[in-house]
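Note sheet for the following structure.
Here is the naming used below: chain letters follow the sequence lines, and residue numbers restart at 1 for every chain.
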Amino acid sequence: MFRDALRHDLSQAIARAMQAGAIPEGEVPEFDVEVPRDRRWGDYATNAALVLARQTGRKPREIAQHLVDAYAPPADRIERIEIAGPGFINLTLAWPWRRELVAMICRVGEAYGAQTIGAGIRVNVEFVSANPTGPLHVGTGRNAVVGDVLANLLAALGYGVSREYYINDAGQQVLNLARSVEAHYFGIIGRPKPFPEDGYRGEYVADLARRIADADGDRWLHATEDERLDHFREVSAAWVLADVREALDRFGVRFDTWFSERALVRSGAVERALAALRAREYIYEADGKTWFRSTAFGDDKDRVIVKPTGEWTYFGSDIAYHLDKLGRGFDLLIDVWGIDHIGDVARVKGGLAALGVPPDAVEILIHQHVRLKNEGEILRMSKRTGEFVGLRDLIDAVGPDAARYFHAMVSYTVPMDFDVALAVRHSQDNPVYYVQYAHARIAGILREAAAAHVGASRAADGPGASNGPGAARSLDRLADEREAALIHVLAELPEVIRVAGLRREPHRLCAYAREVAEAFHLFYTHCRVLTDDAELTAARLSLVEAARIVLRRVLGLLGVSAPERM
RNA sequence: GCGCCCGUAGCUCAGCGGAUAGAGCAACUGGCUUCGAACCAGUAGGUCGUGGGUUCAACUCCCUCCGGGCGCUCCA
């Protein structure tokens with residue numbers, strides 16, 4: 001907010017200084033306006049003079065002086081401006097400008113921070129997309145949170161966002177699940193059968209078999225193997241998927257589209273993709289298989305796209321799937337994949353490039369895995385062995401808010417260690433409560449104010465009382481340094497949303513949420529809101545309201561609740 | 001072996017080419033007769049894996065090496 005304005009004003013000052021010949025003429029360079037590490041230096045600092053010094057070869061502090069002269073900021077916006085260190089220009093804002101921001105936030109309310117950068121652009125965010133072969137494990141949480149929060153951010157930036165889950169229900173793994181269920185089934189109806197070697201061993205597999213036996217008895221004993229496995233696969237995948245859906249729902253993740261790979265294959269889309277690739281000579285036959293020339297796109301060897309059995313490899317249908325998404329009118333596809341899929345990036349992108357899809361139309365975000373520990377001991381998890389901690393278990397233990405915040409907090413590019421025992425034991429220490437507590441305190445104040453009939457209505461008595469909250473209140477009484485600090489943090493919201501969204505770095509939201517909470521707690525500790533002084537109370541209530549708006553917005557983007565009480 | 005990712009406080013992690021590298025947890029010391037102490041104030045804790053290079057300026061960019069993760073399936 002302030003930053004944008006300062007960037008704009010400083011750019012103009014640079015242009016003026018150039019025109020006046022105070023500094024050598026040239027391009028007005030990119031420069032930063034940032035919050036300095038030490039707040040005593042000022043509210044904002046810019047490195048504009050340092051950048052210009054590099055560009056012109058002149059002394060940074062000298063340039064800084066010329067910029068300050070050319071800027072000549074209005075007194076109702078800038079209280080103090082000075083040159084410091086190697087040539088930074090430090091700026092301290094004037095109170096009228098700060099108060100203006102508070103009024104603005106109260107006026108626009110929930111819309112504060114919303115932007116139009118993405119207006120008219122349709123984005124498909126595909127994430128989770130776990131095989132329907134068993135319940136989601138904890139590791140999926142990271143993927144789910146990254147995708148979901150990113151989708152929220154993009155929506156806040158004005159993009160048309162659609163969330164999609166790709167159901168891999170056509171491959172070997174669902175068949176494997178069906179065989180595993182089959183083995184249990186035969187056991188239940190008294191015709192024991194050896195369990196498949198890499199079958200799924202979780203308890204839910206036996207449950208699935210029991211449900212089939214309960215419904216159909218031994219009817220499937222007499223069916224052909226194909227019919228039986230077909231049916232088992234169908235119902236198993238459906239049941240597992242329902243479970244996955246419910247777990248995600250409790251986690252606050254909802255998809256617009258659940259896209260079935262089997263449906264894609266049946267539609268003939270995969271064959272069409274293959275034909276298109278063949279027409280461009282990226283396909284050849286060898287050893288009874290059909291190959292894709294992925295070496296043309298930097299892969300270390302060519303990859304099989306159709307197996308000797310006539311089945312598609314996952315990668316063949318993946319290309320068709322992405323084409324399908326583009327065909328549905330999306331301008332940008334974002335996939336969120338685990339690091340274990342890193343090798344596929346070049347292949348899928350290569351396949352798409354071969355068909356003329358522009359490289360920046362598909363963005364693949366790779367997240368590192370979460371390594372789980374229990375009291376310091378590493379947990380090896382596997383859906384096959386059935387030894388894993390479910391996402392649901394985590395949610396049950398710490399609640400969806402803490403679980404989401406925990407995952408969102410850390411940049412997804414770093415391998416994260418997560419001690420389940422510690423997380424449960426210390427769930428009260430989860431940083432999410434620090435943020436939520438700030439919101440609960442605000443809610444407490446507003447409740448109290450409403451009960452005492454103070455606040456917007458009464459404080460706004462006088463001219464403009466009907467102009468909505470904040471607008472008409474006199475904010476002149478805001479003058480404390482903690483109030484200033486809080487206002488400056490609130491001012492950062494649009495910038496944070498923009499940077500977090502454009503750079504695909506959802507974890508920045510958590511850092512920001514903590515900053516807002518910290519600034520609020522500090523304000524709260526030192527500045528009493530409800531006092532006998534009606535004007536002061538009204539002014540501070542406006543600031544509290546602005547803080548509430550920002551906290552709700554940030555927590556909302558994170559998919560974390562903003563409690564009225566804790 | 002080849003490719004990609006990661007190495008920052010005891011632990012989990014922030015850190016945008018810029019000023020004295022930060023937070024939370026854990027440890028220690030203080031602060032509630034006033035809107036919620038799930039809070040606040042303070043102490044302690046670091047050769048930013050290593051060695052070079054670029055730059056007025058490097059945790060940040062480039063290269064070497066060391067450690068860890070994940071790929072290099074006709075599994076996804």
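In a base pair of the Watson-Crick type (N1 to N3 plus N6-O4 or O6-N4) or a G-U wobble (N1-O2 and O6-N3), with each distance short of 3.5 Å, B:A38 is matched with no nucleotide. Remark: B:G3 base-pairs with B:C70. Criterion, Watson-Crick or G-U wobble with two distances under 3.5 Å. Here B:G22 sits opposite B:C13 as a Watson-Crick or G-U wobble pair (both hydrogen-bonding atom distances under 3.5 Å). The partner of B:A58 cannot be assigned: no Watson-Crick or G-U wobble pair with both contacts below 3.5 Å exists in any strand. With a cut-off of 3.5 Å on both pairing distances, B:U50 has no Watson-Crick or G-U wobble partner at all. Within the shown strands, nothing qualifies as a pairing partner of B:A44 under the Watson-Crick or G-U definition with both distances less than 3.5 Å. When Watson-Crick and G-U wobble pairs are counted only if both distances are under 3.5 Å, B:U64 pairs with no nucleotide at all.
Among the heavy atoms of the strands, none lies under 4.0 Å from A:D532. Using a 4.0 Å heavy-atom cutoff across all strands shown, A:P308 reaches at least one base atom of the nucleic acid. Using a 4.0 Å heavy-atom distance criterion, A:A53 is classed as making no nucleic acid contact. Within the 4.0 angstrom heavy-atom criterion, only backbone atoms of the sugar-phosphate kind lie near A:R503; the bases stay farther away.
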With ring pair (Phe, Tyr, Trp, His ring centres under 6.0 Å) as the test, would you mind laying out the steps for A:Y405 and A:Y433 before giving the verdict? CA-CA 10 Å; A:Y405 198 88; A:Y433 299 115; 9.2 Å; no
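The glycosidic torsion of B:C65 lies more than 90° away from 0, which places this base in the anti conformation.
Contacts between residues 492-502 of chain A and RNA chain B, counted as heavy-atom distances below 4.0 Å, involve no residue at all.
Between A:F315 and A:F292, the ring centre distance stays below 6.0 Å.
In this structure, CD of A:E34 is placed 10 Å from C1' of B:A19, rounded to the nearest angstrom. Put simply, NE2 on A:H341 is 10 Å from P on B:G71, counting in whole angstrom units. Rounded to an integer number of Å, the gap from A:E126 CD to B:A76 P is 14 Å. Taking atom CZ of A:F31 as the reference point, atom C1' of B:C16 lies 15 Å away to the nearest angstrom.
When side chains are defined from C-beta on, A:W41 does not count as touching A:E82, because their heavy atoms never get closer than 4.5 Å. Proximity of A:V68 to A:I83: side-chain heavy atoms (C-beta onward) are separated by under 4.5 Å at one or more points.
One cannot find a donor-acceptor pair under 3.5 Å joining the base of B:A76 and the side-chain atoms of A:D169.
Between A:E492 and A:R498 there is no salt bridge, since none of the side-chain N atoms of the basic residue sits less than 4.0 Å from a carboxylate O of the acidic one. Checked for salt-bridge contact, A:R508 and A:E515 miss the test: no charged N lies under 4.0 Å from a carboxylate O. Contact check on A:D480 versus A:R477 returns no salt bridge, with no Lys/Arg side-chain nitrogen under 4.0 Å from an Asp/Glu carboxylate oxygen. The existence of a salt bridge linking A:R7 and A:D32 is excluded, since no basic side-chain nitrogen approaches an acidic carboxylate oxygen closer than 4.0 Å.
Within the 4.0 Å cut-off from OP1 or OP2 of B:G15, at least one side-chain nitrogen or oxygen of A:R508 is found. Note on A:K307: a side-chain N or O is less than 4.0 Å away from OP1 or OP2 of B:C75.
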If the sugar-phosphate is the primed atoms plus P, OP1 and OP2 and the base is the rest, what is the B/S/- string for nucleotides 34-42 of chain B, using protein heavy atoms under 4.0 Å? SBBSBSSS-
Footprint string (nucleotides 2-13 of chain B, 5' to 3'): B base within contact, S backbone only, - free, heavy atoms under 4.0 Å: -BSSS-----SS
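Residues passing the salt bridge (charged side-chain N to carboxylate O under 4.0 Å, His left out) test with A:E483 are A:R540, sequence neighbours excluded. Contacts of A:F523 classified as ring pair (Phe, Tyr, Trp, His ring centres under 6.0 Å), with partners at least two apart in sequence or in another chain: A:F520. With sequence neighbours excluded, the residues that form a side-chain contact (heavy atoms from CB on, under 4.5 Å) with A:P415 are A:Q368.
Between A:A547 and A:L486, the shortest heavy-atom contact is CB-CD2, 4.4 Å.
Nearest-nucleotide positions on RNA chain B place A:H507 closer to the 5' end than the other of A:D344 and A:H507. Nearest-nucleotide assignment on RNA chain B puts the 5′-proximal partner with A:P60, out of A:P60 and A:E261.
At most 12 non-hydrogen atoms from other residues, nucleotides or ligands lie less than 6.0 angstrom from CD of A:E30.
Stacking here means ring centres nearer than 5.5 Å and ring planes tilted less than 30 degrees, and by that measure A:F88 does not stack onto B:G18.
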